[in-house]
Amino acid sequence: MHAESTPLFTQFTAPETVPDGLAPALVDCWTEVSDAGGAAGFPFPPVDPAKVTAAVDRIVTGLDPASSRLVVATVDGALAGWLRLRRDTFPLVAHWGTLHHVQTRLGVRGRGIGAGLVRHARAIAREDMGLEQLRLAARGGVGLEDFYGGLGWREIGRWPGALRLADGDDRDEILMILAPL
């Protein structure tokens with residue numbers, strides 16, 4: 001990937017729209033990020049690639065235009081990062097969505113790809129899904145509240161010590177919101 005290359009952001013809304021080769025690239029990215037200590041859903045490195053594959057398969061098969069989107073960033077045709085955008089269609093809560101698994105490959109960090117993914121997801125949520133707000137939960141102690149805060153998100157609470165990464169290493173789960181979209 002070249003430093004001057006511009007990322008391309010694409011959303012997928014149904015399993016049949018996901019191109020061949022994307023699911024294995026998602027697995028590779030998720031494994032790389034998790035094994036490097038990233039807060040992307042598998043907290044105990046090294047992760048089992050079979051478990052990551054199963055999780056990616058659930059995400060891909062669960063894609064649905066009304067409730068679940070996959071947003072990917074590519075640079076020079078290679079996966080640079082991805083996230084999942086979800087909403088519950090139950091009428092009481094159908095006006096908001098949640099971001100999950102926001103991650104970028106280690107080799108492209110610092111190039112704005114993560115921020116671009118989050119901004120692109122915000123536009124999809126507002127324009128395509130008709131959402132009014134987004135929520136997320138982030139692991140404390142790794143600076144994620146600053147990253148999201150810089151993108152307009154605000155902290156609305158914490159679950160103290162909710163995440164146990166190891167004996168003596170409990171982290172807060174930080175609850176954040178982006179509203180209005």
Side-chain angles (χ1 to χ4, degrees), residues 1 7 9 22-63 67-73 75 78-88 93 96-122 125 133-179:
M1 295 183 203
F9 300 98
L22 181 56
L26 297 172
V27 170
D28 289 345
C29 179
W30 204 348
T31 301
E32 175 185 304
V33 169
S34 294
D35 283 349
F42 290 96
F44 305 111
V47 298
D48 179 351
K51 290 182 180 181
V52 180
T53 299
V56 166
D57 288 346
R58 285 190 300 274
I59 289 170
V60 169
T61 59
L63 292 176
S67 62
S68 182
R69 312 280 180 105
L70 175 64
V71 182
V72 302
V75 175
L79 181 71
W82 66 279
L83 62 78
R84 181 179 185 197
L85 172 60
R86 292 190 61 230
R87 73 132 41 102
D88 186 328
V93 296
W96 59 268
T98 309
L99 291 189
H100 299 271
H101 312 300
V102 180
Q103 54 192 285
T104 58
R105 301 294 303 246
L106 301 182
V108 299
R109 297 261 169 102
R111 293 187 39 205
I113 292 169
L117 277 166
V118 173
R119 286 186 188 105
H120 197 74
R122 178 183 191 171
Q133 60 180 266
L134 288 172
R135 300 175 184 185
L136 64 81
R139 181 187 302 170
V142 292
L144 292 174
E145 59 269 47
D146 296 332
F147 168 75
Y148 290 110
L151 295 171
W153 293 73
R154 63 185 168 85
E155 182 178 327
I156 58 168
R158 288 179 180 242
W159 288 323
L163 306 171
R164 178 157 293 157
L165 303 183
D167 286 340
D169 187 8
D170 291 353
R171 305 283 178 92
D172 292 353
E173 188 158 33
I174 304 164
L175 309 176
M176 302 191 81
I177 189 168
L178 181 64

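Reckoned from all heavy atoms, side chains included, excluding hydrogens, waters and symmetry mates. Position 1 is the first residue of the sequence; numbering continues from there. Note that the structure is a prediction, hence the values are computed from the model and not measured.
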List the atom of [X], the atom of [Y], and the distance in Å for their closest heavy-atom pair.
X    : Y    : result
S68  : G62  : CB-O, 3.4 Å
L175 : A137 : CD2-CB, 4.2 Å
A25  : L79  : O-CD2, 3.3 Å
E173 : A162 : CB-CB, 4.1 Å
F9   : I113 : CE2-O, 3.9 Å
L63  : L70  : CD2-N, 3.6 Å

For the [atom1] atom of [X] and the [atom2] atom of [Y], what is their distance to the nearest 0.5 Å?
X    : Y    : atom1 : atom2 : result
L136 : L85  : CG    : CG    : 11.0 Å
I156 : R158 : CD1   : CZ    : 12.0 Å
L151 : R119 : CG    : CZ    : 5.0 Å
D28  : T53  : CG    : OG1   : 8.5 Å
D172 : W159 : CG    : CH2   : 11.5 Å
L144 : W153 : CG    : CH2   : 12.0 Å

Do R109 side-chain atoms and T104 backbone N/O form a donor-acceptor pair below 3.5 Å?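 Side chain of R109 to backbone of T104, a donor-acceptor pair under 3.5 Å: yes, one is there.
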
Test your reading of the model: is there a side-chain donor-acceptor pair from Q133 to the backbone of I177, 3.5 Å cut-off?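 Between the backbone of I177 and the side chain of Q133 there is no qualifying donor-acceptor contact (under 3.5 Å).
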
Tell me if the CZ atom of R164 is crowded by more than 12 foreign heavy atoms within 6.0 Å.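 At most 12 heavy atoms, drawn from other residues, nucleotides or ligands, come within 6.0 Å of this atom.
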
Give the ring-plane orientation class for F42 versus W30, where under 30° counts as parallel, over 60° as perpendicular and anything between as tilted.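 Perpendicular.
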
Given side chain to side chain contact (heavy atoms under 4.5 Å, CB included), test Y148 with V102 step by step and report yes or no. CA-CA 11 Å; Y148 290 110; V102 180; 3.4 Å; yes

Take V72 and L26, measure what side chain to side chain contact (heavy atoms under 4.5 Å, CB included) needs, and give me the verdict at the end. CA-CA 9 Å; V72 302; L26 297 172; 4.3 Å; yes

Chi angles and distances behind the side-chain hydrogen bond (donor to acceptor under 3.5 Å, both in side chains) call for R86, T98: CA-CA 5 Å; R86 292 190 61 230; T98 309; over 6 Å; no

With heavy-atom distances below 4.5 Å as the criterion, would you say the side chains of V118 and F147 are in contact?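 A side-chain contact under 4.5 Å exists here.
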
Determine, stepwise, if the pair R111 / V75 fulfils side chain to side chain contact (heavy atoms under 4.5 Å, CB included). CA-CA 11 Å; R111 293 187 39 205; V75 175; 3.9 Å; yes

Apply side chain to side chain contact (heavy atoms under 4.5 Å, CB included) to residues H100 and I59 and explain how you reach the verdict. CA-CA 10 Å; H100 299 271; I59 289 170; over 6 Å; no

